[in-house]
Structure formats: C-alpha cells, structure tokens
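Worksheet: the structure to be examined is printed underneath.
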Amino acid sequence: MAGGWSSDGAVQDQIDATIEDAVLRARRALPRGESLTNCEECNTVIPKARREVMPGVRLCVGCQSELDKQLVSSGGINRRGSKDSQLR
C-alpha cells in the first residue's frame, strides 16, 4: 500500500532505476575496440591471453590495478530523499 503521494510499487521502481543506472555505468566502462599490444601507460607488453579475454584492453594488469584503486565508487543517488539523508 502506498503512502502519501507515492503510488503502489514506487519504492521498487526506485530500486529498479538505481540498478539500471549502475548496470549502464558498468557497461560504459567496459573496454571497446581492438586491444593494444603494449600498455598505454608503462609500455610493457600486454600478454596475448589478456588481450583475448578482454577485447579492447589498453592497460597491463599492474596499471589497471592502480587505476581501479583510484576510481571512486559512486554511492548512487538517494532517490527516496529519506528524512535521514535530509538531516545530514
């Protein structure tokens, strides 16, 4: 049962939209195109097995690991606007 101005299923719609946004963001982050033979950061050779498994790879494992550490995970959007989040 919905309360206030929200319709039935509004919370689930918000959850679905948040998940869809995260999936789209992850898909955009996937490499595309032809893999490089050498890392674009450190110029070391990228092993053939890595290039075959990850088409479009541009970085060696070491440089990719460093990049992954630097990336900040998105906390997403608080679509519900909960009272708790408004008080912060």
Side-chain angles (χ1 to χ4, degrees):
M1 180 171 172
W5 296 98
S6 62
S7 62
D8 288 337
V11 172
Q12 186 61 47
D13 291 343
Q14 293 168 351
I15 292 169
D16 292 343
T18 301
I19 291 170
E20 184 178 338
D21 290 345
V23 169
L24 290 174
R25 192 169 39 255
R27 285 184 178 157
R28 282 192 297 266
L30 291 174
R32 301 187 196 294
E34 192 170 330
S35 297
L36 298 178
T37 55
N38 291 354
C39 177
E40 66 182 11
E41 288 292 320
C42 67
N43 205 32
T44 60
V45 175
I46 300 173
K48 183 179 180 183
R50 177 168 168 76
R51 294 191 316 255
E52 289 174 353
V53 170
M54 300 226 10
V57 71
R58 307 189 70 73
L59 302 172
C60 67
V61 173
C63 291
Q64 184 66 55
S65 296
E66 287 300 316
L67 179 65
D68 291 344
K69 288 178 189 175
Q70 295 173 6
L71 293 177
V72 177
S73 176
S74 171
I77 299 169
N78 183 356
R79 296 177 190 275
R80 294 184 68 189
S82 70
K83 183 177 179 182
D84 183 49
S85 68
Q86 294 172 7
L87 294 175
R88 293 185 189 163

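When reading the values below, keep in mind they use all heavy atoms of this one structure, side chains included, and skip hydrogens, waters and symmetry mates. Quantities reported herein were computed from a predicted structural model and do not represent experimental measurements.
Between the CD1 atom in Ile46 and the CD atom in Gln64 there is a gap of 9.5 Å [rounded to 0.5 Å]. For the atom pair OG of Ser35 and CG of Leu59, the computed distance is 11.0 Å after rounding to the nearest 0.5 Å.
Between Cys60 and Cys39, the shortest heavy-atom distance links the atoms N-SG, 3.4 Å.
The stretch residues 45-58 participates, sequence neighbours left out, in these side-chain hydrogen bond (donor to acceptor under 3.5 Å, both in side chains) pairs: Glu40-Arg58.
Take Asn38 and apply the side-chain contact (heavy atoms from CB on, under 4.5 Å) test, not counting sequence neighbours, and it matches Asn43, Val45. For Val53, the side-chain contact (heavy atoms from CB on, under 4.5 Å) criterion is met by no residue, not counting sequence neighbours. With sequence neighbours excluded, the residues satisfying side-chain contact (heavy atoms from CB on, under 4.5 Å) with Glu66 are Lys69. Every side-chain contact (heavy atoms from CB on, under 4.5 Å) that Glu20 has, sequence neighbours left out, goes to Leu24.
Leu67 is not connected to Leu36 by any chain of hydrophobic side-chain contacts under 4.5 Å among Ile, Leu, Val, Met, Phe, Trp and Tyr, and they are in different clusters.
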